[in-house]
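On a predicted model such as this, the values are computed, not experimentally measured, just so you know. Letters go in sequence order (proteins before strands), and every chain restarts at 1.
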Protein chains: 2
Amino acid sequence: MESRRYLAAYVLFNQAVADHLGLHPTDVQCLSLLTADPGPRTVKQIAEMTGLTTGSATRLVDRLERGGYVVRAPDRQDRRRVLVTPVPERIARVTAVWDDLGPAWQSLLDDHSEAELEVIARHMRRAYELSHTQMQRLRSTPKPD
Amino acid sequence: MESRRYLAAYVLFNQAVADHLGLHPTDVQCLSLLTADPGPRTVKQIAEMTGLTTGSATRLVDRLERGGYVVRAPDRQDRRRVLVTPVPERIARVTAVWDDLGPAWQSLLDDHSEAELEVIARHMRRAYELSHTQMQRLRSTPKPD
DNA sequence: TAGTATTCACTGCGCGACGCAGTGAATGCG
DNA sequence: CGCATTCACTGCGTCGCGCAGTGAATACTA
């Protein structure tokens with residue numbers, strides 16, 4: 001019950017951040033994941049981590065590129081691929097929102113001990129891993145429709 | 001970093017559940033919140049807890065009613081209002097998905113002690129509360145556009 | 001009590017994100 | 001050297017959504 005409200009709140013919060021930046025929740029989600037590990041990604045990788053088709057991922061990159069958040073560059077190893085790289089100075093505008101709201105979150109974390117943070121992080125990590133196997137199971141199960 | 005991936009995974013998972021049921025992520029989100037406290041809600045309350053406008057909330061209830069997940073009933077106290085009540089037997093189809101996936105999640109929780117679960121729950125509860133105040137702050141801050 | 005303002009659910013309208021299916025280019029394989 | 005596969009990309013149609021307006025019901029005020 002607690003986690004339901006927690007996750008629902010995150011969806012709303014993500015939406016609010018997106019509105020504030022004039023972006024879409026999907027775009028913010030994508031930028032969040034891109035900056036988590038700022039290495040260049042292919043369009044297909046972006047499609048996988050956002051759950052979209054490659055076609056929609058192309059449009060997503062179109063929007064982000066038009067907004068100046070990322071740049072496209074051809075891959076020298078595989079000329080079919082396109083490498084999408086975030087633009088740090090533009091991304092900073094996004095993280096600025098987080099920084100503004102950061103202290104409150106920081107104090108929330110500071111109230112926990114190291115051991116407690118480890119417990120929380122472990123739970124999230126395991127839930128993250130489990131969700132992937134569960135999603136595969138969902139997709140292989142016939143639909144109840 | 002851990003929470004980013006955790007939350008991103010939830011979005012994908014929610015999407016997968018929605019696809020599996022032939023619904024939209026927003027609809028699943030709404031049903032999840034409705035069943036969290038199965039009391040009847042007005043359309044406006046649904047709009048608030050999903051972050052939609054009242055107009056879109058009307059369409060949302062339309063879809064859910066057409067699918068048989070909820071029923072509309074007039075409010076006797078205030079005849080402007082419409083009370084939306086979930087249909088248990090139909091909702092069961094949704095929770096069946098959770099039940100099927102439940103044991104794995106249960107074992108995830110069982111690996112934690114009571115004290116650890118309390119730490120996690122407390123963190124989620126506080127993050128939930130904080131997100132609301134942060135969203136208000138976001139909305140009152142001028143957009144950087 | 002009469003008149004105004006507010007709140008509720010609802011409805012056309014247009015926008016735009018998305019999935020689907022197909023395209024061409026580049027790569028890997030036998 | 002063919003053939004299948006994979007990649008990013010592109011029209012097309014669908015549909016969820018916000019916006020602005022409607023009528024009905026309620027709350028407020030003189």
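- For A/Y128, the side-chain contact (heavy atoms from CB on, under 4.5 Å) partners are A/H132, B/R5, B/A9, not counting sequence neighbours.
- Among residue pairs with one or both ends in residues 39-61 of chain B, those qualifying as salt bridge (Lys or Arg N to Asp or Glu O under 4.0 Å) are B/D37-B/R41; sequence neighbours excluded.
- Proximity of A/T133 to A/E129: side-chain heavy atoms (C-beta onward) are nowhere separated by under 4.5 Å.
- Legend: residues meeting side-chain contact (heavy atoms from CB on, under 4.5 Å) with B/Q134, ordered by chain and number and at least two apart, are A/F13, A/L101, A/A104, A/W105, B/L130, B/R137.
- If you take CG of A/D75 and P of D/dA8, they are 9 Å apart, rounded to a whole angstrom.
- Distances from the side chain of B/R63 to the nucleotides D/dG16, D/dA8, D/dG18 place D/dG16 closest.
- Shown for residues 24-37 of chain B: no residue has heavy atoms falling under 4.0 angstrom of DNA chain C.
- B/I46 places its CD1 atom 12 Å from the C1' atom of C/dA9, with the value rounded to the nearest Å.
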Report task. May I have the step-by-step check of side chain to side chain contact (heavy atoms under 4.5 Å, CB included) for B/I46 and B/C30, ending in yes or no? Result -> CA-CA 7 Å; B/I46 291 177; B/C30 179; 3.9 Å; yes
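- Between B/E2 and A/A121, the shortest heavy-atom distance links the atoms CG-O, 3.6 Å.
- One atom, CZ of A/R81, and another, P of D/dT6, lie 12 Å apart when rounded to the nearest Å.
- The separation between A/E48 atom CD and D/dC7 atom C1' is 12 Å, rounded to whole Å.
- The end-to-end axis angle of the helix from C/dT1-D/dA30 to C/dG30-D/dC1, rounded to 10 degrees and based on five pairs per end, is 30°.
- When the salt bridge (Lys or Arg N to Asp or Glu O under 4.0 Å) test is applied to B/R4, no partner is found at least two apart in sequence or on another chain.
- Ranking C/dC10, D/dT10, C/dG19 by closeness to the A/T53 side chain, first place goes to C/dG19.
- In this view, B/T95 and B/I91, B/A92 satisfy the side-chain contact (heavy atoms from CB on, under 4.5 Å) rule, not counting sequence neighbours.
- Atom C1' of nucleotide D/dC15 and atom CG of B/L23 are separated by 14 Å, given to the nearest angstrom.
- Taken residue by residue, residues 66-74 of chain A places heavy atoms nearer than 4.0 Å to DNA chain D at A/R72.
- Residues forming a side chain to side chain donor-acceptor pair (under 3.5 Å) with A/T53 (at least two apart in sequence, or on another chain): A/S56.
- Side-chain contact between A/D27 and A/Y69 is absent, with no heavy-atom pair separated by less than 4.5 Å.
- No continuous path of ILVMFWY side-chain contacts below 4.5 Å connects A/L83 to A/L60, so the two sit in separate hydrophobic clusters.
- When the P atom of C/dG16 is taken as reference, atom CZ of A/R59 falls 13 Å away, rounded to whole Å.
- With rounding to whole Å, B/L60 atom CG is found 11 Å from C/dC10 atom P.
- In this structure, the CG atom of A/D19 is 8 Å from the P atom of D/dG18, given to the nearest Å.
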Query raised in the report: In the 5'-to-3' direction, what one-character label does each nucleotide of nucleotides 21-30 of chain C receive under the scheme B = base within less than 4.0 Å of a protein heavy atom, S = sugar-phosphate only, - = no such atom?
Result: -----BS---
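- In terms of phosphate contacts, A/S56 brings a side-chain nitrogen or oxygen within less than 4.0 Å of OP1 or OP2 of C/dG19.
- The hydrophobic cluster around B/Y10 extends to A/Y6, A/L7, A/Y10, A/V11, A/V119, A/I120, A/M124, B/Y6, B/L7, B/V11, B/V119, B/I120, B/M124, counting ILVMFWY residues whose side-chain heavy atoms fall within less than 4.5 Å of a member.
- Contacts of B/E65 classified as side-chain contact (heavy atoms from CB on, under 4.5 Å), with partners at least two apart in sequence or in another chain: B/V70, B/R72.
- Contact annotation: the side chain of A/H123 never approaches that of B/L117 to less than 4.5 Å [non-hydrogen atoms, C-beta and beyond].
- For B/T58 and C/dT11, the shortest distance from a side-chain N or O to OP1 or OP2 is not below 4.0 Å.
- If you check D/dA8, D/dG18, C/dG19 against the side chain of A/L52, the one that comes closest is C/dG19.
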